Amino acid sequence: MNRIKLLSEQVANQIAAGEVIERPASVVKELVENSLDAGARKISVEIQAGGRSLVRVADDGTGMSRDDALLCLERHATSKIRRAEDLAAIATMGFRGEALPSIASVSKFTLITRERDDDSPEGTQITVAGGTIGEVKAAGAAPGTSVEVRQLFFNLPARRKFLRTEETEAAHIQHYLTLAALAYPEVAFTFQKDGRPVWQLPAVKSEPALSSRIAALRERLRALLGDEKLLAVNFAASLEEDFAAEQAEVFETAEKSPPEPRHSTIRVWGLIGAPGVSRATRESQFVFVNRRPVENRGVNYALIEGCHTTLMKGRFPVCCLFLELDPAAVDVNVHPAKREVKFHREFEVRKFVAQAIREALLAFHAQPEAKPEPQSQLPVEQQLAMDKSLESGPKIATPPLPEFPLPVKVLERPAPVAAQPSLATGFSRPAPFTPPVHAHPLPSPPQPSPTAFATPLLNVPLRLVGVIGKLYVVLESDRGIVLLDQHAAHERILFEQMLNRLEQNEFAPTQKLLLPETIELSPRDANFLREQLAPLTRLGVGLSEFGERTFLLDALPAFVKATDTRRFVLDLVDELKAAGREVNLARLGEHTVAKTVCRHAVKANDPLAGPELENLIADLRRCTMPYTCPHGRPTLIEMNYRELEKKFGRTQ
Ligand code: ADP
Ligand code: MG
């Protein structure tokens, strides 16, 4: 008896829907991708009940003829590829030709479409219920396409049960729309949820030049997520050789002649949070490959690698990055919903992403000093008034304060003592601030200036005000108040100095202990420490084996002022062990050892005072990544005048 039968079209569609249409957000994704592929300049999305009862996506794209409208509901009907070879160079979002029939097979579906380049004012309307085509008729419509999907999974109760709450489903939809809106700033998006508008994103003008695209992205990102300190990433490298080799291999096995060697470029561009800007989740991390939002573990690692010491453990960068590479160098057909991609040269891609980010972060500090005042949020008169009032401030003011980065004069009193009076004057600045809103209305509308953070903090003059809590150095810039964490700053400086020495194969200056100490450890700890002896010695911690689980400590780095040297080493071992758990290695890298040693060195140190503070800031300015400690905590935080005014209720 023959038992094998071909599935009906309808069942086949429902099975495909099982893979492609997971939830309402997948419907939104497929429909919006179709609109983008159709060259839409405006896309409106409307949902009800988290998309369970309604998803409607309308666009002003090319639209479809009546024949195409009927055909697009057939499985494997697509206008985007013709031959299997086209799969190697996909430039559109869709290509599988299964989204529309899949959606129509699990919902009550209406398509209204009218060709944009056709003179007839009439369009086509097709209704489908659970995969069965109902009515096909002519209908008046605006040029473009509108797809309405009601009662998703109405004929698949089991799938419907798997849907989460309306809020969760709506959040998934909003997340996808965020991605689409970021990838296409030049397209206007509106999003309506249960009759209420959520977004109205105007199209952002963008020229092909990358600087213009980055500016457009910045504007779109601000409209979606608000203001953030973001740095531009703009990096290009060549993938050519390896890639060409791979191509040649493929063609050899297919017994065709290898193609001409191709020049394949990878470009990584977009925006990344300035040092110290991070999140507890990956929620604000947006990565696109050839404009397609993707998940790729390699890229995720690369992001963290690239941020290196500017990112705290367990934190994630804020970024919106676009990877552009030859479509033939990436496979987008590895996931039915195309969420994942595979790079042919995964390792190189990862390396370049990390490098792109590293360079953007380094460039931030290296950029030349800005002109005197482009960032100030205050009108010029007010600024002048403020400067005057500072000069003729109350008599308790400290002697003229040194200015960084100008050559620094020695402070006459230890900072902690000076702190009190100068703080008092700092907070009682009289006249200039009194009527700012009325007398000097801020430039309206009070939109955040894109250059507000353009000049890195350490490149503007900083005036030392004092020290509070024996730890935080209070500074003043022309933009507002700056607090510096003395320990974090010191740690960063030590860390970079150590790395420089390691790089140049120099040993750190050490101080011999008058009385060498023996330190006994548990057998496990002893084994662990034995593995780290070489880097520790190079960093100036003079430890040697003195028995099976005993070590002799006879020197410490010169900058360590530990009173209890034994304790210092024991704590160091604990920290190194903790760090080891993180990186999961028996032999820790020199970076990790250096990070840990300098953290301890700083902990063991007295709070700084007077001239040391000035040197600290000068040294920090010389660092390559001065804005965070080696563990990614910020060294400086800034509150600009605008934020202060907001806190004091002077502006909204
Ligand atoms: P795919 O996008 O993979 O080609 P779909 O099932 O999503 O498959 O769409 C099938 C075809 O219908 C597309 O190739 C396109 O030609 C046409 N189409 C779908 N949506 C639109 C739209 N919004 N505007 C114009 N044409 C569309
Ligand atoms: Mg599609």
Side-chain angles (χ1 to χ4, degrees), residues 9-10 12-22 25-46 55-84 86-87 89-107 109-118 123-128 131 133 136 139 141-149 152 176-177 179-180 183-184 187-190 290-293 327 331-339:
E9 175 89 359
Q10 197 170 353
N13 281 336
Q14 286 191 0
I15 291 172
E19 288 186 320
V20 184
I21 308 302
E22 207 179 330
S26 341
V27 173
V28 173
K29 172 175 184 288
E30 294 296 338
L31 296 181
V32 169
E33 286 187 356
N34 280 346
S35 298
L36 291 168
D37 282 343
R41 281 158 297 199
K42 183 173 188 306
I43 300 176
S44 326
V45 179
E46 198 185 325
V55 169
R56 183 188 292 126
V57 175
D59 67 54
D60 62 353
T62 53
M64 282 178 273
S65 67
R66 186 186 162 101
D67 288 350
D68 275 356
L70 278 164
L71 200 58
C72 78
L73 295 165
E74 304 270 337
R75 212 158 130 69
H76 305 310
T78 180
S79 56
K80 298 168 196 173
I81 58 170
R82 305 220 173 275
R83 304 162 305 163
D86 295 345
L87 272 176
I90 289 163
T92 50
M93 298 293 232
F95 55 84
R96 295 167 61 113
E98 54 187 2
L100 290 183
S102 299
I103 297 169
S105 74
V106 295
S107 69
F109 178 100
T110 309
L111 167 77
I112 303 173
T113 186
R114 180 181 142 198
E115 272 186 290
R116 190 161 65 187
D117 303 327
D118 194 77
T124 310
Q125 175 172 340
I126 303 176
T127 52
V128 187
I133 295 199
V136 182
T145 304
S146 159
V147 176
E148 195 179 282
V149 177
L152 184 65
Y176 169 71
L177 286 176
L179 292 165
Y184 289 83
V187 176
F189 281 85
T190 60
N290 293 343
R291 270 197 165 182
R292 193 186 292 282
D331 190 355
V332 293
N333 197 20
V334 290
H335 187 281
K338 311 181 201 84
R339 225 179 2 241

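The figures that follow rest on heavy atoms only: side chains count, while hydrogens, waters and symmetry mates do not. Whatever order the structure lists them in is the order used to number ligands and atoms, beginning at 1. All values derive from a computational prediction rather than experimental measurement.
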Nearest to [atom], what protein heavy atom do you find, and at what distance?
| atom | answer |
| --- | --- |
| atom 20 (N) of ligand 1 | N34 CB, 3.2 Å |
| atom 14 (O) of ligand 1 | S79 N, 2.9 Å |
| atom 25 (C) of ligand 1 | A38 CB, 3.5 Å |
| atom 23 (N) of ligand 1 | D59 OD2, 2.9 Å |
| atom 26 (N) of ligand 1 | M64 CG, 3.6 Å |
| atom 22 (C) of ligand 1 | T145 OG1, 3.7 Å |

Return yes if some donor-acceptor pair links the side-chain N/O of R114 with the main-chain N/O of A141 below 3.5 Å, else return no. yes
Does any N/O atom on [X] come nearer than 3.5 Å to any N/O atom on ligand 1?
| X | value |
| --- | --- |
| F95 | yes |
| R96 | yes |
| T78 | yes |

D59 versus S35, side-chain donor and acceptor atoms under 3.5 Å: yes
Short list, please: which atoms of ligand 1 are under 4.0 Å from a heavy atom of G94? 2 (O), 3 (O)
Supply the atom-to-atom distance L111 CG to T124 OG1, rounded to the nearest 0.5 angstrom. 8.0 Å
Ignoring hydrogens, just give me the one of G97, G63, A58 whose non-hydrogen atom is nearest atom 1 (P) of ligand 1. G97
In this structure, which one of V28, L31, T110 forms a side-chain contact (heavy atoms from CB on, under 4.5 Å) with V149? L31
Of the backbone atoms (N, CA, C, O) and the side-chain heavy atoms from C-beta on, which set of [X] has a member under 4.0 Å from an atom of ligand 1: side chain, backbone, both, or neither?
| X | result |
| --- | --- |
| D68 | neither |
| T62 | side chain |
| E98 | backbone |
| A99 | both |
| A77 | backbone |

Metal proximity, N34 vs the Mg ion (ligand 2), N/O/S cut-off 2.8 Å: yes
salt_bridge(K80, E33) N-O dist < 4.0 Å: no
Has G61 got any heavy atom lying under 4.0 angstrom from an atom of ligand 1? no
